[in-house]
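In each ligand, atom 1 is the first atom listed, and ligand 1 is the first ligand listed.
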Amino acid sequence: MHVILLGPPGAGTGTQGTILAQRLGVPKITTGDLLRDAIQKDNLLGRDAKRFMDRGELVPDKIILSLIKQQLVSPEAAKGIVMDSFPRTVRQAEAVNVMLMEQGERLKRVLLLDVPEEELVRRLLSRSAAEGRGDDTSELIQRRLHAYRESTAPLVGYYREMGILTIVSGTGTEEEITKRIEEVLGT
Ligand code: ADP
């Protein structure tokens, strides 16, 4: 089952994506983690991406697509994939469709985790205190939310038109949200 968890920064797609991937027994693709990994390794791609991440901007599609191509077509991904924090632009979404089609697969469902903006900011600031992630400062949070509104929010209409979008409330306890997701997917 190929599923996308879509949502603004702080919506909880990472947490719920991990739970869902485990439950389905499929890999999870998280471009944010892959990018932080590349930065840690200090390879060329990581150095390229860091400039954008440090400014709270999206990393260009070309870099993201080269990063995920391998993962999308890996044998482990044949049974399905949970994607979180990816795709984030219409161009990335189109690339996913093409890559899946080439393997005779298609997206089963896109779940939009809906969380009010003041709750997002609250969560991101408390994560900043807990994990010390460099891009969780007040200014960068605003920039990331702006990038979401500009570039990622259009995916809502894109997937709605494909007829595979479901909006799920992303507030409540972790267990409550997991349950809502499972109900939508019938798992
Ligand atoms: P958050 O959702 O909290 O912003 P992520 O770990 O998903 O955290 O992303 C951190 C940063 O990595 C983003 O601000 C962006 O710069 C970059 N990034 C991650 N995934 C993508 C993507 N699919 N396309 C473009 N940039 C991305």
Here the atoms of ligand 1 under 4.0 Å from any heavy atom belonging to Ile64 are 21 (C), 22 (C), 23 (N), 24 (N), 25 (C), 26 (N), 27 (C)

Here the atoms of ligand 1 under 4.0 Å from any heavy atom belonging to Glu57 are 15 (C), 16 (O)

Worksheet item: Backbone N or O of Arg55 within a donor-acceptor pair of the Arg143 side chain at under 3.5 Å?
Response: yes

Atoms of ligand 1 under 4.0 Å from any heavy atom of Arg36, numbered from 1 in the order shown, are 6 (O), 10 (C)

Numbered in order shown, the ligand 1 atoms found under 4.0 Å of a heavy atom of Gln92 are 22 (C), 23 (N), 24 (N), 25 (C)

Does Arg106 CZ have over 12 foreign heavy atoms under 6.0 Å away?
no

Ligand 1 atoms nearer than 4.0 angstrom to some heavy atom of Gly32 are 6 (O), 19 (C), 20 (N)

query = Are any of the side-chain nitrogens in Glu175 or Lys179 under 4.0 Å away from the carboxylate oxygens of its partner?
reply = no

Ligand 1 to Leu35, heavy atom cutoff 4.0 Å, flagged ligand atoms 12 (O), 17 (C), 18 (N), 19 (C), 27 (C)

inquiry  = Using a 3.5 Å distance criterion without hydrogens, assess whether the side chain of Arg180 forms a donor-acceptor pair with backbone atoms of Val168.
reply    = no

Among Arg143, Met53, Arg88, Lys50, the residue with a heavy atom nearest to atom 5 (P) of ligand 1 is Arg88

Within the 4.0 Å heavy-atom cut-off, what Arg51 brings close to ligand 1 is neither

